[in-house]
Amino acid sequence: MQTIHVRTVPEYSVTIAPGLLGCCGQALREIMSPCRMAVVTDGAVAPLYLETVRESLESAGFAVSPYIFPAGEGSKNLTTLANILEFLAERRLTRTDCVIALGGGVTGDMAGFAAAVYLRGIRYVQLPTTLLAAVDSSVGGKTAIDLAAGKNLAGAFLQPAAVLCDTDCLATLPKDVFADGAAEAIKTGVLCDESLFALFESGALAAEPAEVIARCVGYKAGVVERDEKEQGERKLLNLGHTVGHAIEKCSGYAVPHGHAVAAGLAVIARAAEALGWAEEPIAGRIAACLAQNGLPTGTDFPPEALAEAASADKKRAGGDITLVVPRRIGLCELKTIPVPELLNVIRAGWEG
Ligand code: GLY
């Protein structure tokens with residue numbers, strides 16, 4: 001078992017181990033008294049894990065009310081959020097109760113946002129079941145839904161009370177869903193640690209996921225502790241996301257988040273090289289690593305459409321947008337450019 005403490009307010013632990021869903025009730029009784037728990041999950045995850053979680057929570061003395069919504073990014077909207085909030089109110093959850101997010105990134109973001117606004121904020125716990133949620137979205141307290149204008153445009157910062165990452169869930173993930181998480185893990189390697197990146201080149205992700213999750217979460221925890229509300233350093237975690245979010249939006253969210261981030265990472269790496277921002281050749285190595293892990297390294301959406309979609313991104317501030325630019329593997333920097341220059345950057349790195 002690996003435990004990483006995130007020293008935010010409130011502090012919490014991320015526990016990474018096999019079999020955690022089956023003993024989540026016991027684990028949560030160590031940090032909270034018996035209370036009502038709304039377990040928010042989607043139609044794909046519920047048949048796999050809901051009963052295990054319900055049994056464990058109930059045998060530890062918690063009263064469980066499950067809320068199941070249709071799986072997919074298309075559900076991450078105001079309508080589902082409203083339905084979850086009405087459900088919490090109908091079930092009379094109070095400020096001493098708790099929301100459980102059981103699932104991947106969409107579930108965690110949306111259940112977390114519901115917890116952040118219901119009664120002006122109640123506790124929530126993340127039970128990530130995908131690699132993407134395990135290495136990235138379940139940690140750090142970003143909660144959100146999508147708006148018609150773009151991805152994650154409404155949300156709040158609320159740190160979870162705990163993250164319990166059951167590594168047994170990863171074994172049954174479809175290949176594409178596993179690859180989605182690989183994109184965020186590879187992103188972390190490019191950001192902070194060439195030796196972590198080298199693990200992905202050597203195919204260690206499938207062999208040692210717990211080790212990789214712990215290293216990614218350890219890095220992210222440090223960034224979040226230093227910059228919880230994304231005033232500076234935390235912006236680095238958006239590497240690959242400007243173009244990635246644009247690809248998701250252009251595809252009507254048919255391209256999954258991790259696949260879009262992978263293509264976005266490949267585009268910005270090629271652009272960094274072409275524009276002389278990188279210290280050494282990096283784009284070929286990053287693209288090869290993404291491809292080896294089943295991820296795309298380009299997009300058919302033209303640069304003009306991507307630049308237009310990205311101009312609504314929340315990384316925009318007034319007439320400027322801040323990009324995360326790789327200088328070498330393990331070191332990235334923030335670069336703020338006028339929005340009209342974004343098209344040239346995307347053109348410099350675009351490949352179909
Ligand atoms: N996924 C980026 C962040 O949590 O800041």
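When a ligand or atom number is given, it counts from 1 through the structure's own listing order. Just so it is clear, the model here is predicted, and its values are computed rather than measured.
With F87 as reference, Y67 is the one residue of F69, Y67, Y118 to meet the ring pair (Phe, Tyr, Trp, His ring centres under 6.0 Å) rule.
Proximity of K220 to ligand 1, defined as any heavy-atom pair under 4.0 Å, is confined to the side chain (atoms from C-beta onward).
Here the heavy atom of the protein found nearest to atom 5 (O) of ligand 1 is R234 NE, 2.7 Å.
Close contacts between ligand 1 and D136 involve ligand atoms 1 (N) [criterion: under 4.0 Å to a heavy atom]. Taking every heavy atom of L237 and a limit of under 4.0 angstrom, the matching atoms of ligand 1 come to 2 (C), 3 (C), 5 (O).
Separation of atoms CG (L173) and OG1 (T130) is listed at 6.5 Å; rounding is to 0.5 Å.
An N or O contact shorter than 3.5 Å links K142 to ligand 1 by distance.
The pair R54-E51 meets the salt-bridge criterion, with a side-chain N (NZ, NE, NH1 or NH2) lying under 4.0 Å from an Asp/Glu carboxylate O.
Residues L323 and L342 meet the side-chain proximity criterion, which asks for heavy atoms closer than 4.5 Å. Within the 4.5 Å cutoff, no side-chain heavy atoms of L236 are placed close to those of V223.
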